[in-house]
Amino acid sequence: MQPFTMLVIEQIKAIPAGKVMTYGGIAAAAGSPRAARQVVRILHSMSGKYQLPWHRVVNAKGEIALMDDESRFMQQSLLKDEGVEFIRDGRIDLSVYGM
DNA sequence: GCCATGGCTAGTA
DNA sequence: GCCATGGCTAGTA
C-alpha cells in the first residue's frame, strides 16, 4: 500500500459521525489537492476491507455521488441516522460543516 | 485502465 | 456537458 493511499484511508476513518467530507477535501488533507478521483477509487475498492465510513463522503456540491438508486438511498439513510440534514432533495449544505 | 471528481464553458431562457 | 487530472489496485504473466 502506497503512502498516499494510507493517508486517504486515515482521513476517511477520522471523519466523525454526523459530519461529512468531500472527495477533494480528503485528497487535499492527504496532501494532494487534485487527487479527488483517486479518493473515489479508494472508496470504491477498499471501503469494505478497511471498514471505511464511505457514506460520509460527498461531492463538492454537497450531493451524494453514487449513481445506483439503492446505494444512494442507503447512504442518505445512514447520514440522516447520524443527524446530517439535507436541504430539499438530497443535498447537504456544506457551509454547515465548515466547507 | 479505472474511477462515487471538479471546475469551467457554452448555450438556453 | 465536457475533459484534464492523479495515483494506483487488481489481476495477469
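Chain letters run A, B, ... following the sequence lines, proteins first, then strands; residues in each count from 1. Worth knowing before you read on, the calculation uses all heavy atoms, side chains too, and leaves out hydrogens, waters and symmetry mates.
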Considering Watson-Crick and G-U wobble pairs with both distances under 3.5 Å, what does B:dG1 pair with?
-> C:dC8
A:I9 and side chain to side chain contact (heavy atoms under 4.5 Å, CB included): which partner among A:K49, A:M46, A:Q51?
-> A:M46
Sort out for me which residue in A:E82, A:K19, A:M21 forms a side chain to side chain contact (heavy atoms under 4.5 Å, CB included) with A:R56.
-> A:E82
Salt bridge (Lys or Arg N to Asp or Glu O under 4.0 Å) involving A:R72 - partner list, sequence neighbours excluded = none
Whichever of A:K61 and A:Q2 has the more 5' nearest nucleotide on DNA chain C, that residue is A:K61
Taking the six-membered ring of A:Y50, is the NZ or CZ of A:K13 close enough (under 6.0 Å from the centre) and on axis enough (within 45°)?
-> no
If two hydrophobic side chains count as joined below 4.5 Å and joins carry through other members, does A:L7 share a cluster with A:I26?
-> no
Linking I/L/V/M/F/W/Y whenever any side-chain heavy atoms sit under 4.5 Å apart, do A:I92 and A:L66 land together?
-> yes
For A:Y23, answer base if it contacts any base atom (sugar-phosphate contacts may also be present), sugar-phosphate if it contacts only those atoms, and nothing otherwise; contact means non-hydrogen atoms under 4.0 Å.
-> base
Counting any heavy atom closer than 4.0 Å, what does A:T5 reach on the DNA or RNA strands: base, sugar-phosphate only, or nothing?
-> sugar-phosphate
Any side-chain heavy-atom pair from A:V57 and A:T22 closer than 4.5 angstrom?
-> no
Opening and closing nucleotides of DNA chain C in contact with chain A, under 4.0 Å to non-hydrogen atoms | C:dA4 to C:dA10
So does A:M1 have more than 12 non-hydrogen atoms from other groups sitting under 6.0 Å from CE?
-> yes
If you measure from the P atom in C:dT12 to the same atom in B:dC3, how many Å do you get, rounded?
-> 15 Å
Under 4.0 Å from any atom of DNA chain B, heavy atoms only: list the residues of residues 32-41 of chain A that qualify, in numerical order.
-> A:A36, A:R37, A:V40, A:R41
